[in-house]
Structures are given as structure tokens and as C-alpha cells.
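First the structure, in the form of C-alpha cells, and then the observations on it.
What you are looking at is a predicted structure, and each value in this text was computed from that prediction instead of being measured.
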Amino acid sequence: MEKISDFFEKNSGIILKCLIASFVILAICSKSSFLYPLNDWGDVSCYYIEGEGILHGLVPYRDLAEQKGPVIFFVYALALALNDRTFFGVFIVELISATIYLYFSLKTLGILCDVEKKKLV
């Protein structure tokens with residue numbers, strides 16, 4: 001089994017490119033970005049309140065009422081644990097998720113199209 005340090009050493013170039021691309025795209029397109037002074041999306045505010053409630057010991061569906069699935073509430077609780085005053089924690093979680101998504105998308109594209117990774121990036 002490959003060590004994590006070996007994985008990052010071998011793929012550091014493509015991971016860095018995915019991270020930069022994710023950062024640029026999310027900085028412009030996500031309302032959780034630092035470029036926007038306010039996040040006025042309705043669902044995001046509900047997730048924020050649910051995540052904040054989880055961090056304060058409240059139980060979803062018993063203490064807080066929302067009809068969405070529980071996973072997103074715990075993702076927001078994790079993001080709010082990073083920064084509970086702004087949406088910066090949410091931006092970091094989005095950035096990590098988008099980077100992982102881009103990496104595996106490129107890897108899948110390389111397999112399906114039978115192209116080397118170096119030619120894709």
C-alpha cells in the first residue's frame with residue numbers, strides 16, 4: 001500500500017493545479033467566497049443555523065426543524081468549527097471538495113480517454 005506522503009510527492013503538481021483552479025473558480029462563483037460581503041442564499045443560511053446548533057449541542061430533527069438530509073448539517077458544523085463568524089470555513093470545505101473532485105475527474109478522464117496525466121494538465 002502506498003504511503004500518503006509518497007502519494008502527495010508523486011502527484012503534487014497536479015494537486016496544486018487542481019487547488020489553484022478550484023480557488024479561482026470558487027472565489028468568483030461561490031457566495032461563500034471572501035469576495036462577497038454577504039451570503040444571501042436561503043438554504044445556506046438554514047445549513048449555517050443547523051451546523052451552529054450541532055456545535056452547541058442541539059440535535060437535528062429534534063431541536064432544530066429542517067427537511068434536508070443530515071450530512072450537509074454536519075459538513076456545515078465542520079466548516080463552522082473552522083470559523084464560526086463568517087463563511088470562510090464553508091469556503092475552505094468547498095475548496096477542499098472541489099480540489100478532490102477535479103483531481104479524480106482528471107484521473108477518470110485519463111482512464112476513459114487513455115491519455116497520460118501530463119497531457120491532460
Side-chain angles (χ1 to χ4, degrees):
M1 181 121 188
E2 187 178 10
K3 291 182 181 178
I4 293 175
S5 60
D6 293 339
F7 171 77
F8 281 112
E9 184 177 318
K10 187 169 74 171
N11 296 307
S12 63
I14 192 166
I15 292 172
L16 182 64
K17 289 176 184 176
C18 289
L19 181 68
I20 292 169
S22 298
F23 181 82
V24 170
I25 291 168
L26 288 174
I28 296 169
C29 297
S30 175
K31 284 259 187 142
S32 298
S33 169
F34 51 89
L35 296 177
Y36 292 95
L38 174 66
N39 192 337
D40 58 355
W41 288 347
D43 284 345
V44 173
S45 298
C46 293
Y47 302 151
Y48 189 92
I49 291 169
E50 291 277 340
E52 194 173 36
I54 290 170
L55 289 179
H56 288 92
L58 301 176
V59 178
Y61 307 111
R62 186 188 74 188
D63 301 324
L64 300 165
E66 180 63 38
Q67 74 274 15
K68 308 244 181 354
V71 174
I72 191 71
F73 303 147
F74 289 99
V75 169
Y76 267 74
L78 173 70
L80 291 171
L82 297 173
N83 185 347
D84 64 344
R85 297 286 180 216
T86 64
F87 282 93
F88 182 72
V90 175
F91 181 75
I92 295 298
V93 170
E94 286 178 351
L95 182 64
I96 292 168
S97 300
T99 302
I100 292 169
Y101 172 78
L102 281 177
Y103 174 77
F104 283 111
S105 294
L106 286 174
K107 194 169 178 119
T108 303
L109 189 62
I111 291 170
L112 293 176
C113 296
D114 197 28
V115 178
E116 292 180 28
K117 258 194 286 188
K118 294 176 183 175
K119 291 181 182 178
L120 284 175
V121 178

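Put simply, the side chain of Phe88 reaches to within 4.5 Å of the side chain of Ile92, judged on heavy atoms. Residues Ile28 and Ser33 have side chains not in contact (no heavy-atom distance under 4.5 Å, counting atoms from C-beta outward). Put simply, the side chain of Tyr103 reaches to within 4.5 Å of the side chain of Ile14, judged on heavy atoms. Contact check for Lys31 versus Phe87: no side-chain heavy atoms found under the 4.5 Å cut-off. Using a 4.5 Å cut-off on side-chain heavy atoms (C-beta onward), Lys68 and Cys46 make no contact. Side-chain contact check for Tyr61 versus Pro70: some heavy-atom pair is nearer than 4.5 Å.
Taken from CG in Leu35 to SG in Cys29, the straight-line distance is 10.5 Å, to the nearest 0.5 Å. We find the CG-CD distance between Asp43 and Glu66 to be 7.0 Å, quoted to the nearest 0.5 Å. Atom-to-atom distance recorded for Leu106:CG and Ile111:CD1 is 11.5 Å, nearest 0.5 angstrom. Put simply, CD on Glu50 and CG on Leu64 are 4.5 Å apart, with the number rounded to the nearest 0.5 Å. Taking CG of Asn11 as the start and CG of Leu16 as the end, the distance is 12.0 Å to the nearest 0.5 Å. Rounding to the nearest 0.5 Å gives a distance of 5.5 Å between CZ of Phe91 and CG of Leu26.
Both Leu55 and Tyr76 belong to a single network of hydrophobic side chains, linked directly or stepwise wherever heavy atoms of I, L, V, M, F, W or Y lie under 4.5 Å apart. When the side chains of ILVMFWY residues are joined at heavy-atom separations under 4.5 Å, either directly or via intervening members, Ile96 and Ile25 end up in two distinct hydrophobic clusters. Both Ile72 and Tyr48 are part of a single hydrophobic cluster, where members link through side-chain heavy atoms under 4.5 Å apart. Linking ILVMFWY side-chain heavy atoms closer than 4.5 Å, directly or via other members, places Ile100 and Val71 in a single hydrophobic cluster. Hydrophobic clustering (ILVMFWY, side-chain heavy atoms < 4.5 Å, transitive): Val93 and Tyr101 are in distinct clusters.
Considering all non-hydrogen atoms of both residues, Val90 and Ser32 come closest at CG1-OG, 3.5 Å. Leu80 and Gly51 make their closest contact through CD1-C, 3.7 Å (heavy atoms, listed as atom of the first residue, atom of the second, distance). Contact detail for Leu95 and Thr99: the closest heavy-atom pair is O-OG1, 2.8 Å.
Asp63 contributes a side-chain N or O that, together with a main-chain N or O of Val59, makes up a donor-acceptor pair within less than 3.5 Å.
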